[in-house]
Structure formats: structure tokens, C-alpha cells
Amino acid sequence: MKLEFIPTDYDYFDFEGRNYIRIYGRDEKEKRICVIDTCPIYLWAILKKGVSEPKIKKIIEKIKKIKVNIAGRTTTIEKIEVHNKNFLGKEVKALKIFATNYKDLHEIADHLGLPEIEKRRGYDLGFITHYIIEKKIKPLHWYEIEGEVITGIENFGGISEILDVNLCIKLEKHKEIQDKYFSPKILSYDIETDSIKIGEGEILMISLVGKNFKKVLTWKKANKKEDYVEYVKDEKELLEKFIKYTREFSPDFLVGYFSDGFDLPYLKARAQINKVKLNLSLDDSQPIFSRGVIQTAKTRGITHIDLLRFIRTVYGQYMQSETYSLNEVAKEFLGDTKKAFELKHSSKILEKDWDKYFEYNLHDSVLVYNLFEKFWPDILEFSRITREPPTEITRIGLSKFTESYILHNLEKFNEIPEKKPTTDQLSERRHLGHVEGAFVLEPTPGLYEKIAMFDFTSMHTSIIISMNLSGPTLLEKPEKNSNSIETSRGKFYFTKKPGFIPLMLKEIFEKRKRFKAEYKKNPDPITKARSNAFKVLSASIHGYIGFFGSRYYSKEASASILAYVRKFNMDTIKKIEKKGYKVLYGDTDSIAIKMNNSSKEQIKELLKELNSNLPGIMELELEGFFERGLWVTTRSGKTGAKKKYALLGEDQKIKIRGFETVRRDWCPLARELQNKVINLILGDGDKKRALEYAKEIIKKIKNREINKSSLIIRSQLKKPISEYKAISPHVIAAKKMRELKIPIEHGALVSYYVAETKGKSKLIRDKVKLPEEKGEYDIKYYLEHQIMPAIENIFQVFGLNTKEMIDGKKQMTLGEF
DNA sequence: ATATACACGGATCCCCTATTTCC
DNA sequence: GGAAATAGGGGATCCGTGTA
């Protein structure tokens with residue numbers, strides 16, 4: 001049997017003591033295929049230098065006798081080969097030890113404590129990763145495969161009987177073929193329940209949305225019945241129908257939003273109560289829940305994806321949304337929002353409102369479906385680039401992205417993979433403390449005209465590549481013809497012989513450049529996603545090297561990268577100043593210059609000259625020209641504030657960084673006022689209006705004319721309530737919520753306002769009230785702690801003392817500017 | 001536990017000293 | 001009169017959220 005095949009998911013099973021992989025996917029006719037295969041299973045034993053040939057032979061004989069008995073199976077050594085390999089960039093002689101079961105490699109490694117063996121590696125990758133590296137059947141690539149169709153009970157104990165696929169094939173041959181379009185079958189779902197606590201209330205309804213498929217399953221009958229609503233008898237039937245429809249639709253991806261943490265655990269809990277088997281996987285198994293801090297719920301074949309987790313890791317840092325609620329995220333990426341519906345306990349929902357609830361529930365699944373379509377190119381590209389299946393890459397963090405890429409690309413360098421750090425190493429690394437980071441130039445507060453902004457293109461990345469920085473390229477002692485850098489942890493030397501990490505990064509960097517250009521020439525979601533995936537990967541390597549949990553961790557390399565970052569930025573600033581320009585500000589990789597009377601051409605000429613002196617692939621770029629820029633003092637008023645500025649672009653767009661107006665832990669009133677003030681000053685140059693506007697707001701606060709919703713302060717609970725050492729206002733708000741039985745877990749966003757209270761306490765936390773709580777807002781607090789701090793420093797730039805603004809003792813005139 | 005460091009700024013914590021209160 | 005309680009100042013620390 002010969003067919004075209006694209007893998008979407010992998011799992012594995014044991015048969016007669018050996019590991020077999022199961023690859024789920026589709027053929028060119030969109031039929032469901034399961035491919036069964038196995039691969040050589042082995043680990044590496046790196047030999048000490050200078051072990052003689054006869055000695056090696058002896059060791060091999062010894063190792064061959066190793067037998068491991070675990071969990072009722074016996075794993076034996078199949079064969080041993082001697083190879084010349086590289087480990088951390090150095091040539092080594094290593095034994096490739098083949099065994100029958102991947103899970104037992106760890107145990108075998110424990111039996112290899114021979115004096116001639118230096119290190120044991122390559123047994124901790126996970127069998128699926130190992131298989132993909134070994135056989136190169138990568139997720140979401142097309143293959144022409146040949147194999148025997150498995151039928152009947154003889155093969156693997158009747159596996160084909162259980163699997164709900166069109167065809168089950170034992171792989172014999174495979175060949176990667178030219179990429180072609182693949183559109184996965186998607187089914188999104190969302191549940192509505194009577195309690196937010198997992199399993200505590202009944203599931204009221206479940207919506208399902210796929211291509212040409214819309215359904216809301218419910219046991220609650222309403223007045224008006226839309227076509228998509230299907231009534232069932234009770235919760236048990238609701239669950240059964242959900243499973244039935246899902247299996248019938250047979251999607252590649254079953255997609256939810258926060259469904260690892262809510263929908264699927266809830267379904268599991270209710271299924272248990274109702275004695276229903278939640279067999280959503282193609283092998284008839286139930287979702288597997290892992291115990292980690294963030295719960296995951298994995299299914300096989302019909303792959304469960306929690307879209308929230310992917311969006312959070314990949315786009316979190318770049319998102320405008322202040323929360324990860326489906327509503328905000330959908331608004332940002334789709335321009336669509338949830339249907340308005342006030343969630344209540346089912347007993348309190350009026351008869352006439354149920355059909356609205358159904359519509360609301362359906363629309364949530366529609367949003368999730370559309371979001372998945374939007375992010376599918378990203379999932380596809382990340383999966384292809386890191387060679388890990390979607391079920392993994394939608395759940396891992398940035399360090400794992402990088403690590404997967406490295407592990408899957410080691411072969412080109414003949415490298416043996418480094419192992420994960422042990423618990424001891426982890427605590428040791430964590431105790432090393434921080435390395436000195438980037439340099440930030442203190443600005444002189446003021447309003448400036450005509451500004452040019454320079455920045456280094458992918459600064460950390462280009463430094464790693466240009467200076468050949470990484471753990472394996474670090475030299476133990478100084479050598480001639482090496483790069484060296486003075487850091488806070490001493491002077492470090494790096495070989496000039498290109499290391500595999502800088503080389504890999506160079507490839508990523510060049511691909512990123514190429515795909516970015518491709519995207520600009522031919523903008524479509526795929527080229528955009530590809531460009532973005534390489535951008536994320538490229539930007540994460542530096543963090544990965546400095547991350548204590550990584551396989552290729554190096555504090556020395558991390559310190560050196562940052563030392564170079566400081567050096568290049570400071571040197572460039574000095575050179576610019578030498579040319580007679582004033583440098584207004586600089587942060588890490590950026591430099592803001594006052595243009596004075598220079599033309600744009602002259603600035604570009606300066607840039608060209610600066611670039612001619614930069615090493616390797618390093619490049620300084622023109623970020624843009626700006627008409628005006630505003631820098632303020634810190635609250636103490638003694639120094640210029642870093643990481644806080646506003647720029648007016650030539651396109652009249654205002655770019656605000658760091659100011660309270662961009663921070664979600666300030667009340668909307670203060671944020672909007674500050675935004676308005678900055679806009680008036682920067683855009684129209686209208687200080688008078690800005691001042692008047694501020695005064696108006698102050699008056700309104702005093703007269704209690706401000707709507708409470710403008711005064712709500714939001715803050716995230718970053719850990720369990722009990723772990724807080726300092727009981728701050730938002731912790732009190734969280735405690736209040738808990739008292740009201742509103743489920744509150746860490747990670748939740750807490751809202752509150754500061755109210756006037758009778759008590760004498762000066763602590764703000766004693767004035768905290770929840771938004772629903774009755775009370776009058778505290779005029780003094782909002783004036784002194786929200787409004788004034790947001791605008792004071794800005795007016796101060798113009799020499800205006802705002803101290804008297806609140807009590808209005810002194811009438812301010814424009815003359816004071 | 002799940003990429004890094006720098007930075008701001010609010011609020012509380014904590015220690016010290018001065019003042020007030022209580023017996 | 002003397003001990004204990006309280007107030008207030010100020011630096012240290014905690015905490016969340018930004019920038020890069």
C-alpha cells in the first residue's frame with residue numbers, strides 16, 4: 001500500500017517489550033491514517049580520553065550483558081557500536097548502545113558506572129522526540145509512505161481493532177515529498193456550567209463549532225428553538241452526545257480556550273459522576289491529565305489544543321490586551337467580541353433568556369474556531385521549525401521552543417545531546433544570582449524637538465553570532481586569537497572556531513531575514529507566521545542560554561553577551577557625542593539623538609559611518625525620525641526617569657512607553673487623563689488646554705461626578721493569597737472575593753476601588769472595596785495617589801509646580817509656563 | 001520552576017525615636 | 001515617675017507591571 005501522508009500527532013505503545021510509535025494524520029484524500037513504526041533505540045556512553053582499543057572491546061562485552069527488569073518487562077542490549085562524535089563542540093569517542101525499550105535507557109545508564117566512561121547521554125529526550133530525530137518523520141510535513149495494512153488481531157495485539165481510523169499501516173518506506181497545502185479539520189467547543197469550581201455544578205450546555213457545523217447541546221428547554229440547539233434528556237446524555245458528535249466529526253484538533261484548566265477537567269469530573277467514559281482519543285482512551293502546576297489535558301489523534309496557552313507563550317509579550325480573556329484576545333486578533341450576556345446561576349436565568357444563553361455559548365465556540373484559524377499558520381510553522389507535534393508546541397514555553405530546535409538540529413554537527421540539568425545542578429545554578437544586564441542612559445527631562453532613533457538589529461542575537469558566544473565555545477584559559485570580554489564575573493575568552501550554537505543561530509537569523517523579506521514581498525498568513533516563528537526563536541536564544549533549566553545553560557556566556565550589549569551601546573553613544581550630537585536617551589539597543597540642525601541625510605550618513613565599524617553581522621538601524629519627544633523625572637524628582645517617554649512621529653502618531661497610561665494597575669481615569677495631557681502637549685503643543693483639562697478632572701473628582709468604573713484599579717494575583725508577605729490592597733480585594741465565595745486562584749485579575757471609610761487607618765488596604773460593593777470613592781486618595789502622580793512630572797517639565805493644584809489656593813495662569 | 005535584566009512606583013513592613021497615655 | 005502604648009519618619013522590602 002502506497003499513499004501520501006501528513007502527520008498531526010504521535011504517541012507510542014509497547015509490544016513484546018519494544019517501543020512502537022503511532023503516528024496519526026491524514027492522507028491526500030483527507031482520510032484518517034495511523035502509521036505504526038519503530039526505530040533504533042539507543043543511548044551514548046562517552047569514553048574518557050585515551051581508552052585503548054582492547055579495553056573498549058572489554059567494556060563492550062561487559063555492557064552487552066546488562067539486563068534490566070522493570071514493570072514486568074526485560075530490556076536487553078541489542079548491539080554496541082563505536083563512533084567518533086562531538087560533545088559540546090569537542091571530539092570524543094563514544095559507544096552507541098542499542099536497547100529494546102526507550103523508557104529503560106535511564107536505568108541502563110545507571111548501570112554504566114564504569115571508570116572508562118566519562119558521561120552518558122541521549123536517554124532523556126522522550127521517545128517521540130527521539131523517534132522524530134531518528135526517522136525524520138516530522139510533524140506537518142508531507143510524505144509518500146509505503147507499508148502493510150494492518151488488519152485482524154494478529155498485529156500488535158489487535159491494535160487496528162481499537163483505533164478509530166480509516167487505515168492503519170505498518171510503515172516500511174517513507175520519502176518526504178514537496179510541501180502542499182494542508183487544512184486540518186477543526187472542532188472548537190465551549191461549556192457552560194453552574195459553578196466555576198471544577199465539577200461542582202452541572203454542565204448546562206456544550207457548544208461545538210466546525211466547518212459547516214454548529215451545535216449547542218443542552219438539557220434545558222427554552223421558548224425559542226434555533227436550529228443549532230439540540231435538546232437532550234439530562235447531563236449524562238449531554239456528555240454522551242458530546243463524545244458522539246466529536247468522534248463523528250473526527251477533527252484533527254479539538255480546540256478550546258483555557259480548556260486545559262477548565263472545560264476538559266470539568267467534563268472529566270462530570271463524566272465520572274455520570275459514569276460516562278470520556279473516550280475522546282482515537283485509541284478509545286480518555287484524556288490524560290498531567291499533574292504539573294499548569295494542568296494539561298492531552299488526547300491522541302483527535303488532538304486537544306488549549307489555544308490560550310499557545311497565544312500566551314508566543315504572543316503574550318507583544319499583545320495589546322491587558323488580559324487573556326477570550327473577549328479581549330478575540331477583540332485584538334479578530335475584531336470580534338463575545339455576545340453580551342450576564343452569567344448567572346441557572347436557577348436565576350429567566351425562561352425567556354435561555355435562548356440568549358445558547359447564542360452566547362455558541363458564539364464563544366465561533367470565536368475559538370476563528371482564533372484557531374487565525375493562529376493555525378503559527379502553530380503549523382512552530383511545529384515544523386521545532387519538529388515537535390502541535391500537542392507539544394501549543395503547551396511549551398519559550399525555553400522549550402529553543403531547546404527543541406537545538407535538539408532536532410544537532411545531527412548536522414555530529415553532536416551528542418547534552419542532558420537536562422539534575423536537581424542539584426538546578427539549585428546550584430539558581431544560587432549563582434543574576435548577571436549584570438543592559439545599560440540604560442539616564443535622560444535629562446524635557447521636551448525636545450527633532451529626534452532621530454537608532455537601534456541595533458536583533459542585538460543579542462547578532463552579538464552571539466558575531467562573537468561566537470555560547471557555553472561550548474567558552475575557553476577554559478586565555479588563548480591567542482580568541483574574543484575576550486570583561487564582565488562583572490571576570491574576563492571570559494571565547495574561541496573563534498564557530499560553535500554549533502552560534503552557527504545554528506546564524507541559520508535561524510538568516511532564515512528570519514529571508515522570510516521577513518518574503519513576507520514583505522508576498523504578505524500572507526503563512527509567510528508572516530514563518531517570519532514570526534523565526535523571530536521568536538531568534539530572540540529567545542539569549543534568554544535560553546541564561547535560563548537555569550536549559551541543557552545548554554552558561555552563566556559565563558550569558559554574562560558575556562550582556563557585557564557586549566553594554567559595550568556596543570556605550571561605545572556608539574560616545575562616538576555620536578564626539579560628532580557633536582546630544583544623545584537624549586538609550587536603552588539596551590536603542591539610542592535617541594537630538595538632531596539639532598542636521599538634515600536627515602546627515603543623520604543617515606552618521607549611521608553609515610557607525611555601521612562601518614561594527615563587527616560581524618552587527619547592524620545599527622534607523623528606527624525613525626520624530627518631531628517631538630518628552631522625558632520626565634522620576635517621582636522623587638531627583639533624576640531623569642528611565643523606561644518612560646513619549647514620542648511624536650512624523651506621521652503624527654504618538655508612541656508612549658512606560659508611562660502610567662500604558663499600565664493596567666492604574667485607574668482608567670488617571671490613565672486617560674495622562675494620555676490626554678501627553679497628546680495635547682506633544683501633538684498640539686497646547687499646554688494651556690492640557691492644564692485646563694486636568695483642572696476639570698480634578699474638579700469633577702471633588703464634586704463626586706466621576707463614574708466608579710473609571711476608578712477601578714486592577715492588579716493580578718501572582719501567587720496564592722497565603723504566600724503574600726506584604727498584604728497589599730489587591731490581596732485584600734482577593735480575600736474579600738474569597739469570602740463572597742467567588743473562586744479566586746492565582747493568576748486571576750483582581751479589581752477594586754478605594755472608598756471612604758470611617759476607620760482611622762492610614763493604610764490603603766483598609767479602604768479597599770470590590771467594584772460591586774457600595775461606597776463613596778475616596779476623593780483624597782484619587783487626587784493624591786492616582787491623578788497627581790500621573791500628571792505632576794509632565795507639568796513639571798515646563799516649570800510648573802502642581803502642588804497647589806489640588807486645593808486651588810493659587811490661581812494658575814499660563815504665565816507660569 | 002519552565003527565556004533574560006533593568007526600572008518605576010505604590011504600598012507595606014520594620015525599626016527607630018519621640019510623644020502620649022496609663023497606672 | 002516610670003513603663004507601656006502610640007505616632008510618625010524613613011529606609012528596606014515586597015509587589016506588579018512595564019521596556020528592551
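Please read all numbers here as calculations on a predicted model, not as lab measurements. By convention in this document, chain letters (A, B, ...) are assigned in the order of the sequence lines, proteins followed by strands, and residues within each chain are numbered from 1.
In this structure, A/K719 forms a cation-pi arrangement with A/Y724, its terminal cationic atom sitting closer than 6.0 Å to the ring centre and no more than 45° off the ring axis. Taking the ring axis of A/F439 as reference, the NZ or CZ atom of A/R566 does not stay both within 45° of it and closer than 6.0 Å to the ring centre.
Taking atom CG of A/L749 as the reference point, atom P of C/dC15 lies 18 Å away to the nearest angstrom. Following rounding to the nearest Å, A/Y645 (OH) and C/dT19 (P) show an atom-to-atom distance of 8 Å. In this entry the distance linking CD1 of A/I463 with C1' of B/dT4 reads 14 Å, nearest Å. Atom CZ in A/R671 sits roughly 16 Å away from atom C1' in B/dG10 (whole-Å rounding). In this structure, A/K642 places its NZ atom 11 Å from C1' of B/dC8, rounding to the nearest Å. Here the C1' atom of nucleotide B/dA11 and the NE2 atom of A/H785 are 9 Å apart, to the nearest Å. The nearest whole Å value for the distance from the CG atom in A/D589 to the P atom in C/dT19 is 14 Å.
Within residues 536-549 of chain A, no residue is approached by DNA chain C to less than 4.0 Å at the level of any non-hydrogen atom. Contacts between residues 431-439 of chain A and DNA chain B, counted as heavy-atom distances below 4.0 Å, involve A/H434, A/V435, A/E436, A/G437, A/A438. DNA chain B lies under 4.0 Å from at least one heavy atom of each of the following residues of residues 309-323 of chain A: A/Q317. Contacts between residues 658-669 of chain A and DNA chain C, counted as heavy-atom distances below 4.0 Å, involve A/G658, A/V662, A/R663, A/R664, A/D665. Less than 4.0 Å separates DNA chain B from at least one heavy atom of each of the following residues of residues 396-407 of chain A: A/G397, A/L398, A/S399.
Heavy-atom contacts from other residues, nucleotides or ligands closer than 6.0 Å to CD of A/E332 number more than 12.
Of the N and O atoms on the side chains of A/R309 and A/T313, not one donor lies less than 3.5 Å from an acceptor on the other residue. Side chains of A/Y315 and A/N532: a donor-acceptor N/O pair is present below 3.5 angstrom, by distance only. A side-chain donor-acceptor contact under 3.5 Å links A/S761 and A/D766. No donor-acceptor contact under 3.5 angstrom links the side chains of A/H408 and A/T386, judged on distance only. A/S470 and A/T473 share a side-chain donor-acceptor pair at under 3.5 Å. A side-chain donor-acceptor contact under 3.5 Å links A/T296 and A/S290.
Side-chain atoms of A/S383 come within 3.5 Å of backbone atoms of A/E388 as a donor-acceptor pair (strictly under, hydrogens ignored). Under the 3.5 Å distance criterion, the side-chain polar atoms of A/H304 are matched with a main-chain donor or acceptor of A/A297.
The shortest side-chain heavy-atom distance between A/L717 and A/H730 falls under the 4.5 Å cut-off. Between A/Q295 and A/D260 there is no side-chain heavy-atom pair separated by less than 4.5 Å. Within the 4.5 Å cutoff, no side-chain heavy atoms of A/K767 are placed close to those of A/Y781. Residues A/Y782 and A/Y777 meet the side-chain proximity criterion, which asks for heavy atoms closer than 4.5 Å. Side chains of A/K708 and A/P771 form no contact here, defined as non-hydrogen atoms less than 4.5 Å apart. Two residues are said to be in side-chain contact when any heavy atoms from C-beta on lie closer than 4.5 Å; A/M467 and A/S560 fail this criterion.
Between A/K643 and C/dT19 there is no side-chain N or O to OP1 or OP2 distance below 4.0 Å. The side chain of A/K719 contributes an N or O atom lying less than 4.0 Å from OP1 or OP2 of C/dC15. Within the structure, every side-chain polar atom (N or O) of A/R635 is placed at least 4.0 Å from both OP1 and OP2 of B/dG9.
Each end of the helix from B/dT4-C/dA20 to B/dC23-C/dG1 yields a helix axis from five base pairs, and these two axes differ in direction by 10° (to the nearest 10 degrees).
For A/Y552 against A/Y544, the heavy-atom pair with the smallest separation is N-OH, 3.5 Å.
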Exercise answer: donor-acceptor pairs, residues 654-667 of chain A side-chain atoms, under 3.5 Å, sequence neighbours excluded:
| from | atom 1 | to | atom 2 | distance (Å) |
| --- | --- | --- | --- | --- |
| A/K655 | NZ | A/E623 | OE1 | 3.1 |
| A/E660 | OE1 | A/K644 | NZ | 3.4 |
| A/E660 | OE1 | A/Q674 | NE2 | 2.9 |
| A/E660 | OE2 | A/K644 | NZ | 3.1 |
| A/T661 | OG1 | A/R671 | O | 2.8 |
| A/R663 | NE | A/D665 | OD1 | 3.3 |
| A/R663 | NH2 | A/D665 | OD2 | 3.3 |
| A/R664 | NH1 | A/E322 | O | 2.4 |
| A/R664 | NH2 | A/Q716 | OE1 | 3.2 |

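Comparing the same atom, C1', in B/dA3 and in C/dT19 gives a spacing of 16 Å after rounding to whole Å.
Counting any heavy atom pair closer than 4.0 Å across all strands shown, A/H730 reaches sugar-phosphate atoms only and no base atom.
The side chain of A/Y781 sits closest to B/dA11 out of B/dC8, B/dA7, B/dA11.
In this structure A/E756 satisfies the side-chain hydrogen bond (donor to acceptor under 3.5 Å, both in side chains) test together with A/R704, sequence neighbours excluded. Listed by chain and residue number, A/Q796 satisfy the side-chain hydrogen bond (donor to acceptor under 3.5 Å, both in side chains) test with A/T633 (two or more places apart in sequence, or in another chain).
Taking the nucleotide of DNA chain B with the nearest heavy atom to each of A/N793 and A/R765, the more 5' of the two is matched to A/N793.
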Report task. Sugar-phosphate atoms are those with a prime plus P, OP1 and OP2; base atoms are the rest. Using that split, label each nucleotide of nucleotides 14-20 of chain B B, S or - for protein heavy atoms under 4.0 Å, 5' to 3'. Result -> -------

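Residue pairs meeting the salt bridge (charged side-chain N to carboxylate O under 4.0 Å, His left out) criterion with at least one member in residues 547-557 of chain A, sequence neighbours excluded, are A/D124-A/R551, A/E403-A/R551.
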Would you list the protein and nucleotides 4-13 of chain C atom pairs, both N or O, that sit under 3.5 Å from each other?
| from | atom 1 | to | atom 2 | distance (Å) |
| --- | --- | --- | --- | --- |
| C/dG8 | OP2 | A/K762 | NZ | 3.1 |

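Applying side-chain hydrogen bond (donor to acceptor under 3.5 Å, both in side chains) to A/S531 and the options A/R512, A/E381, A/K516 leaves one that passes, A/R512.
Distance check: A/T394 OG1 to A/F310 CZ gives 7.5 Å after rounding to the nearest 0.5 Å.
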